[in-house]
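In what follows, a single structure is set out as C-alpha coordinates and then discussed.
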Amino acid sequence: MIRAILACDDEWGIGKNGDLPWSHNPADLRWFKQCTDGDVVVMGRNTWDSLPVKPLPKRKNLVVSQTAQPQPNVEVVKPDIFKSRLHILAEEMPVWIIGGAHLIETSLDIIDEIWLSQIEGTYDCDTFLPRTAIELTFDLVSSRRDGDVYIDKWRKI
(Lines give C-alpha, C1' and ligand atoms only; values in the text may rest on other atoms or scores of the structure.)
Protein backbone atom coordinates (compact mmCIF):
# COMPACT_ATOMS: atom_id res chain seq x y z
CA MET A 1 0.00 0.00 0.00
CA ILE A 2 1.17 3.51 -0.82
CA ARG A 3 -0.07 6.28 1.42
CA ALA A 4 0.51 10.01 1.62
CA ILE A 5 0.80 11.62 5.05
CA LEU A 6 0.78 15.38 5.47
CA ALA A 7 -0.39 18.23 7.65
CA CYS A 8 -2.45 21.06 6.20
CA ASP A 9 -4.29 24.15 7.37
CA ASP A 10 -7.98 24.96 6.88
CA GLU A 11 -7.31 26.00 3.26
CA TRP A 12 -5.26 22.83 2.51
CA GLY A 13 -2.03 24.83 2.71
CA ILE A 14 1.07 22.81 3.52
CA GLY A 15 3.97 25.22 3.22
CA LYS A 16 5.28 28.74 3.22
CA ASN A 17 8.69 29.84 1.99
CA GLY A 18 9.90 26.24 1.80
CA ASP A 19 8.96 25.35 5.38
CA LEU A 20 5.99 24.46 7.56
CA PRO A 21 3.89 27.59 8.07
CA TRP A 22 2.78 26.84 11.65
CA SER A 23 4.83 26.63 14.80
CA HIS A 24 6.03 23.34 16.29
CA ASN A 25 3.01 21.05 16.82
CA PRO A 26 3.91 18.13 19.12
CA ALA A 27 0.65 16.22 18.50
CA ASP A 28 1.15 16.31 14.73
CA LEU A 29 4.83 15.35 14.94
CA ARG A 30 4.06 12.48 17.35
CA TRP A 31 1.34 11.16 15.02
CA PHE A 32 3.64 11.42 11.99
CA LYS A 33 6.41 9.53 13.79
CA GLN A 34 4.06 6.79 15.03
CA CYS A 35 2.69 6.25 11.52
CA THR A 36 5.98 6.24 9.61
CA ASP A 37 8.47 4.69 12.07
CA GLY A 38 10.24 1.74 10.46
CA ASP A 39 8.70 2.37 7.03
CA VAL A 40 9.70 4.08 3.78
CA VAL A 41 9.26 7.86 3.58
CA VAL A 42 9.29 9.42 0.11
CA MET A 43 9.76 13.11 -0.52
CA GLY A 44 10.70 15.62 -3.15
CA ARG A 45 13.95 17.56 -2.95
CA ASN A 46 12.37 20.68 -1.45
CA THR A 47 10.82 18.65 1.36
CA TRP A 48 14.19 16.95 1.88
CA ASP A 49 15.92 20.34 2.04
CA SER A 50 13.40 21.59 4.63
CA LEU A 51 13.93 18.71 7.09
CA PRO A 52 15.63 19.79 10.31
CA VAL A 53 17.03 16.25 10.79
CA LYS A 54 18.30 14.28 7.79
CA PRO A 55 17.71 11.49 7.13
CA LEU A 56 14.58 10.86 9.18
CA PRO A 57 15.69 8.28 11.75
CA LYS A 58 14.41 4.70 11.82
CA ARG A 59 12.98 5.02 8.29
CA LYS A 60 14.15 4.29 4.78
CA ASN A 61 14.43 7.77 3.20
CA LEU A 62 13.82 8.11 -0.53
CA VAL A 63 14.21 11.48 -2.29
CA VAL A 64 12.68 12.04 -5.72
CA SER A 65 14.97 14.46 -7.54
CA GLN A 66 16.95 15.12 -10.69
CA THR A 67 19.64 17.01 -8.77
CA ALA A 68 19.94 15.64 -5.21
CA GLN A 69 23.15 13.77 -4.48
CA PRO A 70 23.14 10.29 -2.95
CA GLN A 71 24.02 10.22 0.74
CA PRO A 72 24.39 7.53 3.37
CA ASN A 73 21.00 6.04 4.31
CA VAL A 74 19.22 7.99 1.56
CA GLU A 75 18.10 6.66 -1.81
CA VAL A 76 17.78 9.25 -4.57
CA VAL A 77 15.43 8.30 -7.41
CA LYS A 78 14.87 10.20 -10.65
CA PRO A 79 11.31 11.46 -11.22
CA ASP A 80 10.81 9.35 -14.35
CA ILE A 81 11.28 6.03 -12.49
CA PHE A 82 10.14 6.72 -8.93
CA LYS A 83 6.65 5.24 -9.37
CA SER A 84 7.99 1.86 -10.42
CA ARG A 85 10.47 2.00 -7.50
CA LEU A 86 7.64 2.73 -5.04
CA HIS A 87 5.63 -0.25 -6.26
CA ILE A 88 8.63 -2.51 -5.62
CA LEU A 89 9.20 -1.04 -2.15
CA ALA A 90 5.48 -1.29 -1.30
CA GLU A 91 5.67 -5.07 -1.75
CA GLU A 92 8.24 -5.19 1.08
CA MET A 93 7.05 -2.54 3.55
CA PRO A 94 4.61 0.38 3.96
CA VAL A 95 5.42 3.43 1.83
CA TRP A 96 4.53 6.98 2.89
CA ILE A 97 4.78 9.98 0.54
CA ILE A 98 5.41 12.95 2.83
CA GLY A 99 5.52 15.83 0.36
CA GLY A 100 5.70 18.21 -1.27
CA ALA A 101 2.62 19.30 -3.12
CA HIS A 102 4.00 18.59 -6.61
CA LEU A 103 4.99 15.05 -5.66
CA ILE A 104 1.53 14.43 -4.18
CA GLU A 105 -0.20 15.83 -7.26
CA THR A 106 1.85 13.73 -9.67
CA SER A 107 1.40 10.61 -7.51
CA LEU A 108 -2.37 10.63 -7.05
CA ASP A 109 -2.65 7.75 -9.52
CA ILE A 110 -0.53 5.45 -7.30
CA ILE A 111 -1.60 6.66 -3.83
CA ASP A 112 -4.11 4.35 -2.12
CA GLU A 113 -4.78 6.52 0.94
CA ILE A 114 -4.10 10.07 2.11
CA TRP A 115 -3.77 10.74 5.83
CA LEU A 116 -4.09 14.43 6.68
CA SER A 117 -3.64 16.10 10.01
CA GLN A 118 -5.66 19.28 9.88
CA ILE A 119 -3.93 22.12 11.72
CA GLU A 120 -6.67 24.56 12.74
CA GLY A 121 -6.44 28.03 11.23
CA THR A 122 -4.97 29.57 8.11
CA TYR A 123 -1.28 30.37 7.80
CA ASP A 124 -0.83 32.46 4.64
CA CYS A 125 0.57 29.43 2.81
CA ASP A 126 2.15 29.59 -0.63
CA THR A 127 2.01 25.81 -1.22
CA PHE A 128 -1.25 23.83 -1.28
CA LEU A 129 -2.47 20.30 -1.73
CA PRO A 130 -4.56 19.68 -4.87
CA ARG A 131 -7.83 19.69 -2.91
CA THR A 132 -10.22 19.37 -5.85
CA ALA A 133 -8.30 16.43 -7.34
CA ILE A 134 -8.17 14.71 -3.94
CA GLU A 135 -11.90 15.21 -3.33
CA LEU A 136 -12.71 13.80 -6.79
CA THR A 137 -10.39 10.79 -6.47
CA PHE A 138 -10.71 9.88 -2.78
CA ASP A 139 -13.49 9.43 -0.21
CA LEU A 140 -13.14 10.73 3.34
CA VAL A 141 -13.45 7.50 5.35
CA SER A 142 -12.66 8.69 8.87
CA SER A 143 -12.00 11.81 10.89
CA ARG A 144 -10.93 12.03 14.53
CA ARG A 145 -9.36 14.47 16.94
CA ASP A 146 -5.92 13.71 18.37
CA GLY A 147 -4.65 16.44 20.68
CA ASP A 148 -4.38 19.67 18.72
CA VAL A 149 -5.13 18.13 15.32
CA TYR A 150 -7.94 16.48 13.42
CA ILE A 151 -6.82 13.44 11.49
CA ASP A 152 -8.68 12.74 8.24
CA LYS A 153 -8.15 9.55 6.28
CA TRP A 154 -9.04 9.51 2.59
CA ARG A 155 -9.25 6.31 0.53
CA LYS A 156 -9.14 6.06 -3.26
CA ILE A 157 -12.61 5.63 -4.75
Side-chain angles (χ1 to χ4, degrees), residues 1-65 77 79 82-83 85-87 89-90 92-157:
M1 177 163 295
I2 298 173
R3 294 182 178 110
I5 184 168
L6 301 113
C8 68
D9 73 1
D10 292 342
E11 294 179 341
W12 291 55
I14 62 170
K16 182 176 180 176
N17 299 324
D19 206 351
L20 291 177
W22 42 81
S23 60
H24 182 77
N25 187 306
D28 176 54
L29 294 173
R30 184 174 47 255
W31 175 73
F32 176 85
K33 185 176 188 249
Q34 287 172 344
C35 291
T36 63
D37 228 15
D39 297 339
V40 178
V41 289
V42 181
M43 66 205 88
R45 188 194 46 79
N46 290 337
T47 299
W48 169 255
D49 289 344
S50 74
L51 293 178
V53 175
K54 300 174 198 164
L56 290 176
K58 299 181 183 176
R59 299 164 188 90
K60 179 175 180 60
N61 288 245
L62 189 142
V63 178
V64 180
S65 174
V77 177
F82 89 94
K83 289 181 182 181
R85 180 68 179 126
L86 293 191
H87 283 297
L89 287 170
E92 301 168 14
M93 59 196 321
V95 172
W96 298 91
I97 299 175
I98 66 170
H102 179 71
L103 187 59
I104 296 296
E105 189 167 4
T106 59
S107 301
L108 288 177
D109 60 324
I110 64 167
I111 294 172
D112 300 301
E113 292 181 346
I114 299 174
W115 294 17
L116 291 178
S117 61
Q118 300 279 341
I119 308 296
E120 290 185 274
T122 58
Y123 294 87
D124 193 31
C125 294
D126 59 19
T127 307
F128 295 84
L129 289 172
R131 181 178 188 167
T132 301
I134 290 171
E135 291 177 336
L136 291 172
T137 310
F138 297 81
D139 278 333
L140 179 62
V141 294
S142 70
S143 186
R144 66 180 174 86
R145 186 172 182 91
D146 184 4
D148 294 341
V149 296
Y150 286 93
I151 298 170
D152 295 339
K153 293 184 182 177
W154 296 76
R155 187 168 296 134
K156 187 167 277 174
I157 298 172

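Counting from 1, the numbers follow the sequence of the chain as shown.
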Of all heavy-atom pairs between [X] and [Y], which one has the smallest distance, and what is that distance?
{"X": "T47", "Y": "G100", "result": "OG1-N, 3.0 Å"}
{"X": "S50", "Y": "D19", "result": "O-OD1, 4.5 Å"}
{"X": "P21", "Y": "Y123", "result": "CB-CB, 3.6 Å"}
{"X": "A7", "Y": "I14", "result": "O-CG2, 3.2 Å"}
{"X": "V64", "Y": "P79", "result": "CG1-CA, 3.8 Å"}
{"X": "D10", "Y": "E120", "result": "OD1-CA, 3.8 Å"}

Can you find a heavy atom in the side chain of [X] that is under 4.5 Å from one in the side chain of [Y]?
{"X": "N46", "Y": "H102", "result": "no"}
{"X": "W96", "Y": "F32", "result": "no"}
{"X": "L116", "Y": "L129", "result": "yes"}
{"X": "W115", "Y": "C35", "result": "yes"}
{"X": "W12", "Y": "P130", "result": "no"}
{"X": "V149", "Y": "I119", "result": "yes"}
{"X": "K33", "Y": "L56", "result": "no"}

Rounded to the nearest 0.5 Å, what separation is found between the [atom1] atom of [X] and the [atom2] atom of [Y]?
{"X": "I114", "Y": "L6", "atom1": "CD1", "atom2": "CG", "value": "8.0 Å"}
{"X": "F82", "Y": "T106", "atom1": "CZ", "atom2": "OG1", "value": "4.5 Å"}
{"X": "S117", "Y": "R30", "atom1": "OG", "atom2": "CZ", "value": "11.5 Å"}
{"X": "D28", "Y": "W22", "atom1": "CG", "atom2": "CH2", "value": "7.0 Å"}
{"X": "T122", "Y": "D9", "atom1": "OG1", "atom2": "CG", "value": "6.0 Å"}
{"X": "D152", "Y": "L140", "atom1": "CG", "atom2": "CG", "value": "5.0 Å"}

Could you tell me whether K54 atom NZ has more than 12 heavy atoms of other residues or ligands within 6.0 Å of it?
-> yes
Considering residues, nucleotides and ligands other than R85, do more than 12 of their heavy atoms fall under 6.0 Å from its CZ?
-> yes
List the steps, then state whether side chain to side chain contact (heavy atoms under 4.5 Å, CB included) holds for K60 with V95.
-> CA-CA 9 Å; K60 179 175 180 60; V95 172; over 6 Å; no
Can you list the steps and then say if E113 with K153 is a side chain to side chain contact (heavy atoms under 4.5 Å, CB included)?
-> CA-CA 7 Å; E113 292 181 346; K153 293 184 182 177; 5.7 Å; no
Distance-only polar pair, side chains of D146 and W31, donor-acceptor under 3.5 Å | no
Determine, step by step, whether R59 and D39 satisfy the side chain to side chain contact (heavy atoms under 4.5 Å, CB included) criterion, reporting the C-alpha distance in whole Å, the side-chain angles of both residues, the deciding distance to 0.1 Å, and the verdict.
-> CA-CA 5 Å; R59 299 164 188 90; D39 297 339; 5.8 Å; no
Can a donor-acceptor pair be found, under 3.5 Å and without considering hydrogens, that links the side chain of [X] to the backbone of [Y]?
{"X": "K58", "Y": "T36", "value": "no"}
{"X": "D139", "Y": "V141", "value": "no"}
{"X": "K83", "Y": "S107", "value": "no"}
{"X": "D112", "Y": "R3", "value": "no"}
{"X": "D126", "Y": "N17", "value": "yes"}

Take I97 and L86 through the side chain to side chain contact (heavy atoms under 4.5 Å, CB included) test and state the conclusion after the steps.
-> CA-CA 10 Å; I97 299 175; L86 293 191; 4.0 Å; yes
